[in-house]
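Written out below as structure tokens is the structure these notes cover.
When a ligand or atom number is given, it counts from 1 through the structure's own listing order. Since the model is a prediction, treat every value here as computed from it, not as a measurement.
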Amino acid sequence: MSKNIDKAQIEQGNAPENADRRSFFGKSAILGAGAVAAPMTAAMFATMAKAKASEAANSPVVHPGELDEYYGFWSGGHSGEVRIMGVPSMRELMRIPVFNIDSATGWGLTDESKRIKGESAHLLAGDSHHPHMSMTDGRYNGKYVFINDKANSRVARIRCDVMKTDKIITVPNIQAVHGLRVQKVPYTKYVICNGEFEIPMNNDGKASLEDVSTYRSLFNVIDAETMEVSFQVMVDGNLDNTDADYDGKYFASTCYNSEMGMNLGEMISAERDHVVVFSLARCEAAVKAGKFKTYNGNNVPVLDGRKGSSLTRYIPVPKSPHGMNTSPNGKYFVANGKLSPTVSIIAIEKLDDLFSDKIKPRDAIVGEPELGLGPLHTAFDNKGNAYTTLFLDSQIAKWNVEDAIAAYGGKKVNYLRQKLDVHYQPGHNHTSAGETRDADGKWLISLCKFSKDRFLPVGPLRPENDQLIDISGDEMKLVHDGPTFAEPHDCMMVHRSKVKTKKLWTRDDPIFAETLAIAKKDGVDPMTQNKVIRDGNKVRVYMTSIAPNYGMSEFKVKLGNEVTVIVTNLDQVEDVTHGFCVTNHGVQMEIGPQATASITFIADKPGVQWYYCNWFCHALHMEMRGRMLVEA
Ligand code: RUQ
Ligand code: CUA
């Protein structure tokens, strides 16, 4: 390769990496082992420089080999997963299985993932809604992403160093977790989320099921580190979405159905519903003082925050509000009208007075701009503007917050800046870093529920349409249509400088610590030994993998044995992942470089059963297989 070609290729970004990759495959095909590091520094630098240049121009074009400026975390809706998107290219970078089952990674199949799923491991479905990253002082800290499963009342945590789910809990005493956010300041000690559907307290089928006066909806406060529910707060109405302030003092949730109706007509009969504001200090003090009850046989403290409680305040807003969004300057909560064409602006600085009863609840409202039909969610830039999705109008309204407040105060100002057509029926929207102090006013994503004529037709079921909008200038400009599968409810964008991921697993990773503890009990060092342990009807098979070989090309079991295969991937090469798949057994998993993974199944078929590596790892990947010999 000549110097000139080298330089051109470096400028293109990825050529030297490819060259290394190619020579790696070539070399290890001959050597039969892949212990070759993949140096990529020159290419990385060139790529970074290029990406920097496109940042300056706010161009949505990311050339092949260039890197995106933002990590986007997208909920996968009723697919139950989370996806990582590159923004602004809108390339899907990775999928993180969470509440779903995934055959590529073995999520929901492996012993490690089943342990993480815990008591809900038997559930095969989920409905993920709101991914939000942990923060320190109101800025993303790159540690965790939290996401809720509305369908099964669960909350999960994704570890951002490896981009894998590491905790899943089922929240007790509630049904359907909807809105989820994190405490922003001083740091994410708590994850907050709303129990949406009201149920009897207790919900044990013993008391009258018809008497809706016993039905409650609970606000949930979860410890971000232990992932245990610290406390819950009982409210009036149905909780919907939520957000936190930038002072570490208040959380606010929208509530619809303050009527406690059990059908649509009843749910929307009253003209007003409300926003509930929670005082964190008062709630914590009440828990400490033991002023709580417990329900359904568990010991989670449930505080009474219904109307009249000192823990909460109820601010009336037009009926059926939906989204709740805090402005990144920390001054306002914005509740989105949904059935009303308005959003309600709550001044956070007035909340102290509201809690000490110096003002009336409605006095905390400082603006109620009329934006259009079906306002659902609002995002913010760094110039005092807000962007609200209008579901019914299929538009995004850009408006100025201070002007809207001035207009509410009686001034003749036009707070509306622009309305942009989106395609079609947007739900959530999100600006780059817009739920943090780092809001930068560069990009806006509109998550459209319908795509109709925007893409080649693919049958009656259509993709959603995630649209990328450049908001760096005075006008919003639509720059990209992105088809996505069901259903990105919500997303967030974090600057890539905040996220540091590992290239290889480290051997002390807690995700497989329990598996290693079992190995230790068996007296096996999984890094060096290939061994079969027979334990009554149970068989544990420890094997290593290094491209293109398993440490064991055969092992013997008896028909009906419960077999656990524990594979340790000895490869130290970035991107060399192995798989383990047993034909005809529904057994599949991923083993990342330097990881240990295990999977348990019944050997219920006699004879020769081949296992093979299902993650492409080597020129001799097809040959990476072995036999499980099942004696009848
Ligand atoms: S919330 S748009 Cu609006 Cu879960 Cu989905
Ligand atoms: Cu190992 Cu494919």
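Ion pairing of Arg625 with Glu554 is absent here, as no side-chain N (NZ or NE/NH1/NH2) approaches a carboxylate O to less than 4.0 Å. Under a 4.0 Å N-O distance rule, the pair Glu435/Arg181 qualifies as a salt bridge.
Protein N/O/S atoms closer than 2.8 Å to atom 5 (Cu) of ligand 1: His489 ND1.
Here is the list of ligand 1 atoms found below 4.0 Å of a heavy atom in His178: 1 (S), 4 (Cu). The His322 neighbourhood of ligand 1 comprises atoms 1 (S), 3 (Cu), with distances under 4.0 Å to a heavy atom of that residue.
If you look at His578 and ask which of its N, O or S atoms sits nearest atom 1 (Cu) of ligand 2, the answer is ND1.
Residue His618 does not count as close to atom 1 (Cu) of ligand 2, with no N, O or S atom under 2.8 Å. Backbone or side-chain N, O or S atoms of His621 do not reach atom 1 (Cu) of ligand 2 at under 2.8 Å. Taking 2.8 Å as the threshold, Thr577 does not count as a candidate ligand of atom 1 (Cu) of ligand 2, since none of its N, O or S atoms lies below it.
Under a 4.0 angstrom heavy-atom cut-off, Lys449 registers as being in contact with ligand 1.
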Report task. Decide side-chain hydrogen bond (donor to acceptor under 3.5 Å, both in side chains) for His377 and Asn429; before the verdict, give the C-alpha distance in whole Å, the side-chain angles of both, and the deciding distance to 0.1 Å. Result -> CA-CA 6 Å; His377 295 278; Asn429 62 356; over 6 Å; no

Query raised in the report: Hey, mind stepping through His621 and His578 against side-chain hydrogen bond (donor to acceptor under 3.5 Å, both in side chains) and telling me if it holds?
Result: CA-CA 9 Å; His621 156 81; His578 295 291; over 6 Å; no

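For Met527, the CE atom is densely surrounded, since the number of other residues' heavy atoms within 6.0 Å is greater than 12.
Judged by the 6.0 Å and 45° rule, Lys452 forms a cation-pi pair with Tyr424. Cation-pi geometry between Arg157 and Tyr144 is satisfied (NZ or CZ under 6.0 Å from the ring centre, within 45° of the ring normal).
Looking at Thr378 and Asn336, their side chains do bring a donor and an acceptor atom within 3.5 Å of each other.
When each of Asn100, Thr165, Ile158 is tested with Val82 by the rule side chain to side chain contact (heavy atoms under 4.5 Å, CB included), just one qualifies, namely Ile158.
Between His129 and His178, the ring planes lie perpendicular to each other; the angle is over 60°, past the 30° to 60° tilted range.
Around atom 1 (Cu) of ligand 2, the angle linking Met624 (SD) with Cys617 (SG) is 110°, rounded to 10 degrees.
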